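Predicted model only: the values in this text are computed from it and were never measured.
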Amino acid sequence: QRRRVTSVEWWAHLRPADDGGGGHQLHYDLDEAGLAKVPEGGEPGHPLVSCVVYLSGEDGGAAGAEAGASPTLVTDQGLAKGSVASRAWLCQPKVNRLLMFDGGMLHGVIPLKPAKAKQSAPPP
């Protein structure tokens, strides 16, 4: 089956570690503008490939978590009706790491445990 690429989308964001580690809800990358045109039982358009480029982060594992770098979770759950995830992969942030995956897969950023609140000085 031959597919045509009809558009490209690019965006960036920064998720501060002090708000719970910068999680991002599980979601699909898809053509939101075209959702109203999807026929009953059809599958919405989505990227052929989704990519995440990490511009910050540590070596991963506990060191990455301690530094406030949130990992990305990618599942094998697709957009097709009845699709249910049976596998998932966790990618730890590392500077200059490139994560590429099927653009129709459910994915998100796992929030980190919030840092302890700073103790304020008692009133005089």
Side-chain angles (χ1 to χ4, degrees):
Q1 176 184 352
R2 190 172 178 180
R3 296 199 223 174
R4 289 185 51 194
V5 176
T6 58
S7 63
V8 174
E9 179 179 275
W10 182 87
W11 57 273
H13 65 90
L14 172 65
R15 304 275 183 195
D18 60 359
D19 73 350
H24 188 97
Q25 70 276 3
L26 290 174
H27 65 281
Y28 296 99
D29 293 338
L30 49 85
D31 178 11
E32 293 176 9
L35 284 177
K37 299 175 190 169
V38 176
E40 180 80 25
E43 189 175 304
H46 61 79
L48 296 175
V49 177
S50 289
C51 302
V52 177
V53 178
Y54 298 95
L55 302 177
S56 61
E58 299 297 323
D59 290 333
E66 290 169 10
S70 299
T72 300
L73 177 76
V74 179
T75 75
D76 64 351
Q77 181 170 322
L79 288 161
K81 186 175 182 174
S83 177
V84 176
S86 62
R87 294 184 297 172
W89 300 267
L90 198 61
C91 182
Q92 295 291 342
K94 183 176 180 179
V95 176
N96 294 325
R97 176 170 280 166
L98 173 64
L99 168 63
M100 298 172 65
F101 54 94
D102 181 319
M105 299 289 109
L106 183 67
H107 63 282
V109 179
I110 304 299
L112 298 177
K113 187 167 118 181
K116 293 181 181 178
K118 293 182 181 178
Q119 297 287 343
S120 58

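- When side chains are defined from C-beta on, V52 does not count as touching V74, because their heavy atoms never get closer than 4.5 Å.
- For the pair V49 and M100, the tightest heavy-atom approach, listed with the atom from each and the gap, is CG1-CE, 3.9 Å.
- Of all heavy-atom pairs spanning P71 and Q92, the tightest one is CB-OE1, 3.7 Å.
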Taking only distance into account, with no hydrogens and no angle test, what donor-acceptor pairs under 3.5 Å do side-chain atoms of residues 101-109 form with protein atoms, sequence neighbours excluded?
| unit_1 | atom_1 | unit_2 | atom_2 | d |
| --- | --- | --- | --- | --- |
| D102 | OD1 | G104 | N | 2.7 |
| H107 | ND1 | H27 | O | 3.3 |
| H107 | ND1 | M105 | O | 2.9 |
| H107 | NE2 | H27 | NE2 | 3.1 |
| H107 | NE2 | D29 | OD1 | 3.4 |
| H107 | NE2 | D29 | OD2 | 3.4 |

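- In this structure, CD1 on I110 lies 8.5 Å from OG1 on T72, to the nearest 0.5 angstrom.
- Nearest heavy-atom pair across R97 and C91 is CD-SG, 3.6 Å.
- Taking every heavy atom of both residues into account, L79 and Y28 meet most closely at CD2-CG, 3.4 Å.
- Applying the salt bridge (Lys or Arg N to Asp or Glu O under 4.0 Å) definition to pairs two or more places apart or across chains, none involves residues 31-41.
- Two different hydrophobic clusters hold V84 and L73 under the rule that ILVMFWY side chains link at heavy-atom gaps under 4.5 Å.
- Partners of Y54 according to the ring-ring contact (aromatic ring centres under 6.0 Å, His included) rule, which considers only residues two or more places apart in sequence or in another chain, do not exist here.
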